[in-house]
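These notes concern the structure reproduced below.
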Number of protein chains: 2
Amino acid sequence: MRYSKQRELILQTVKYSKSHPTADDVYHLLKAQNPDLSLGTVYRNLNHLASQGEIYRIEVMGDSDHYDGNMEMHFHMSCKACKRVMDIPHDVAPDLKEKAELKTGYQIDSYDIAFSGICDKCQKLN
Amino acid sequence: MRYSKQRELILQTVKYSKSHPTADDVYHLLKAQNPDLSLGTVYRNLNHLASQGEIYRIEVMGDSDHYDGNMEMHFHMSCKACKRVMDIPHDVAPDLKEKAELKTGYQIDSYDIAFSGICDKCQKLN
DNA sequence: ATCAATAATAATAATTATTACTATTTATAG
DNA sequence: CTATAAATAGTAATAATTATTATTATTGAT
């Protein structure tokens with residue numbers, strides 16, 4: 001994989017953001033300072049970076065994909081109220097791979113937990 | 001919600017299928033015997049039935065949504081080889097709601113685990 | 001049973017997210 | 001420095017799903 005200024009910008013944007021941005025978010029965040037950035041480039045590089053394990057792809061029910069630069073094992077919750085994506089620590093569900101393999105005989109390569117609920121801030125606004 | 005023959009057919013197809021069909025699968029399964037069934041009707045009713053808690057929507061990474069008529073709490077694995085969706089029993093991860101709420105302070109309304117791996121049949125074909 | 005009200009439908013158009021294509025630009029090995 | 005191939009911008013295309021609209025069918029009241 002050859003260096004490109006665009007990929008570097010995209011990677012940094014995802015790494016330094018705490019908001020789990022979508023492809024479109026990344027595009028708009030960068031477009032102001034980089035007027036000839038192309039949306040296709042953002043998609044291509046997010047895919048590339050995700051498949052290289054440099055960033056994490058978060059699938060949100062009925063929403064576009066989000067991305068996370070934090071590669072420590074953890075999960076996510078989509079807040080029904082503000083629609084933001086929040087982090088959930090990994091230790092709510094350790095050993096899931098081993099347990100599922102034992103129960104089923106399938107070979108588990110990966111898994112992801114998609115939580116849905118109401119975040120702390122939105123609970124207070126009630 | 002008023003009765004319709006189409007909704008009944010769609011519900012029965014999902015309930016009696018063990019293959020976790022997609023909207024398009026349901027459409028094609030029924031289309032032969034019901035030539036003027038519309039794909040939009042299938043989508044509308046699958047959404048309706050899922051929101052009423054009569055069937056379960058399964059989101060598969062990079063694939064269209066699948067549906068499951070088995071409403072007992074359980075999870076799914078998408079087989080990387082044959083692309084089929086397999087069941088994973090609920091007891092691989094009990095108490096996940098409570099654990100996540102304690103750890104985070106968020107209100108968890110639901111969660112789903114998406115496993116990815118190789119099913120028993122595909123393992124043998126190696 | 002008949003009939004109006006309105007929910008559901010079929011057919012089609014539109015939308016949204018994402019990927020593919022193509023000509024041009026740019027990183028980098030030699 | 002230059003040739004090569006990977007990456008890009010800009011645009012077109014695709015796939016999944018949702019919206020629109022005119023028609024049909026269910027149901028509750030007469």
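Here the structure is a predicted model, which means the values were calculated and not measured. Labels below follow one simple rule: chain letters A, B, ... track the order of the sequence lines, proteins then strands, and each chain is numbered from 1.
No donor-acceptor distance shorter than 3.5 angstrom exists from the side chain of B:Gln6 to the backbone of B:Leu37, with no hydrogens or angles considered. Between the side chain of A:Arg7 and the backbone N or O of A:Thr41 there is no donor-acceptor pair closer than 3.5 Å. Side-chain atoms of B:Lys80 do not come within 3.5 Å of backbone N or O of B:Gly117 as any donor-acceptor pair. Under a 3.5 Å cut-off, the side chain of B:His48 and the backbone N or O of B:Arg44 do not form any donor-acceptor pair.
Rounded to an integer number of Å, the gap from A:Arg2 CZ to D:dT8 P is 9 Å. Following rounding to the nearest Å, B:Tyr3 (OH) and D:dG28 (P) show an atom-to-atom distance of 15 Å. A:Tyr27 places its OH atom 13 Å from the C1' atom of D:dT8, with the value rounded to the nearest Å. In this structure, the CG atom of A:Leu46 is 15 Å from the C1' atom of D:dT8, given to the nearest Å. Counting to the nearest Å, the C1' atom of D:dG10 and the CG atom of A:Asn34 are 16 Å from each other.
Atom CG of A:Leu49 is separated from atom NZ of A:Lys15 by 9.0 Å, given to the nearest 0.5 angstrom.
Counting any heavy atom pair closer than 4.0 Å across all strands shown, B:Asn47 reaches sugar-phosphate atoms only and no base atom.
No close placement of the B:His76 and B:Phe115 rings is indicated, their centers lying 6.0 Å or farther apart.
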Could you write nucleotides 9-17 of chain C as a row of B, S and -, 5' to 3', where a protein heavy atom under 4.0 Å of any base atom gives B, of only sugar-phosphate atoms gives S, and otherwise -? BBB-----S
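Map B:Met1 and A:His48 each onto its nearest nucleotide of DNA chain D; the residue landing nearer the 5' end is A:His48.
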